[in-house]
Amino acid sequence: MRRPLVAGNWKMNGTRSSVAGLVQDLAAMDVPEAVQLAVFPSAVHLGQVHEGLFRSTIELGAQDCAFDAGFGALTGEVSPKQLADLGCEWVLVGHSERRLLLGESDEIVRRKFEAALSCGLKPILCVGETLEQRESGKAFEVVEAQLTAILGPLGIGVFEKAVVAYEPVWAIGTGLTASPEQAQEVHAAIRARLNKANSLVAAGTRILYGGSVKPQNAAELFAMPDIDGGLIGGASLSAEDFGAICRAVGK
Ligand SMILES: O=C(CO)COP(=O)(O)O
């Protein structure tokens, strides 16, 4: 009942010419129908990628958006309204790199999530603990608090149009992956938290895993009952690896 989603977060990478090559390879890729695919280029490349993927079923998303849904005096920010106008369907909110390196609070994440939804974008809410938090036994607590910062004020209904991505910070770009069991444990806890609010919505909400997902480890992660796809960083910059990860769904 939950269609798997594989999302590629390109982060702060690429030039016009490298993006053109990647888009060409992605557009030529065989996408398994059972899997939904989306890519998240840098804001400056969104228009280019949108044009390049015009005939493809791969959907487009932004890595971030402003916390305001309209237009106005907010220098340097991109309104979710502008993203929707450009053809984006998705937006990442609360990525750990923004939370930790740019000081994004739960409150800002909540405002971005709400602004995105009000513009018709589907937010992917990123949650995850640091190594220190995991080692002190606080992984669930941290993830639950990040989830509750949305669930509390906005209610369970918003998850009908949103996706959750569990990305343990210690596994991002480190080559260290959570084991399928470690990831499943947190995914199950996230679903249990949603379930407390509404069982139907909880059963339908997709929860992606992110953190050093590669073609070699994707199948065993995706085989876990509460892992509904992945949020892929480094490996999504290669169409070959991204394609292999997509084909690992359902294996
Ligand atoms: O942060 C990530 C995706 O948002 C994961 O990045 P890596 O796949 O490079 O570890």
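These values consider heavy atoms only, across backbone and side chains, with no hydrogens, waters or symmetry-generated copies. Numbering of ligands and ligand atoms starts at 1, following listing order. In this text the structure is predicted, and so the values were computed from the model without any measurement.
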Numbered atoms of ligand 1 (with element) below 4.0 Å of A171, judged on heavy atoms:
10 (O)
Nearest neighbour of atom 1 (O) of ligand 1 from the list Q63, K11, E97, on a heavy-atom basis:
K11
Ligand 1 atoms in contact with H95 (distance to a heavy atom under 4.0 Å)
1 (O), 2 (C), 3 (C), 4 (O)
Answer yes or no: does an N/O atom from G173 fall short of 3.5 Å to an N/O atom of ligand 1?
yes
Can a donor-acceptor pair be found, under 3.5 Å and without considering hydrogens, that links the side chain of Y166 to the backbone of I190?
no
Going by side-chain contact (heavy atoms from CB on, under 4.5 Å), L37 matches just one of L26, I245, T57, I58. Which one?
I58
Against heavy atoms of L231, which atoms of ligand 1 measure under 4.0 Å?
3 (C), 4 (O)
State whether the side chain of D25 and the backbone N or O of L22 hold a donor-acceptor pair below 3.5 Å, judged by distance alone.
no
Numbering as shown, the atoms of ligand 1 that approach E167 to under 4.0 Å (heavy-atom distance):
1 (O), 2 (C), 3 (C), 4 (O), 5 (C)
Quick test of your reading of the model: are R111 and E114 salt-bridged, counting only N-O distances below 4.0 Å?
no
Donor-acceptor pair, T15 side chain versus S18 backbone, under 3.5 Å?
yes
side-chain hydrogen bond (donor to acceptor under 3.5 Å, both in side chains) partner of D228, the single match among R3, R206, R2:
R2
Run the numbers for me: atoms of ligand 1, each under 4.0 Å from some heavy atom of S212, listed by number.
7 (P), 8 (O), 10 (O)
Identify which one of V49, V78, L46 satisfies the side-chain contact (heavy atoms from CB on, under 4.5 Å) criterion when paired with L86.
L46
What do you reckon, does N9 have a nitrogen or oxygen under 3.5 Å from a nitrogen or oxygen of ligand 1?
yes
Does ligand 1 have any atom sitting under 4.0 Å from a heavy atom of S96?
no
Just jot down the ligand 1 atoms closer than 4.0 angstrom to any heavy atom of G234, in number order.
7 (P), 8 (O), 9 (O)
Is any side-chain heavy atom of P41 closer than 4.5 Å to a side-chain heavy atom of L60?
yes
In terms of residue, atom name and distance, what is the protein heavy atom nearest to atom 8 (O) of ligand 1?
G233 N, 2.9 Å
Give the atom numbers and elements of ligand 1 that come within less than 4.0 Å of a heavy atom of G211.
5 (C), 10 (O)
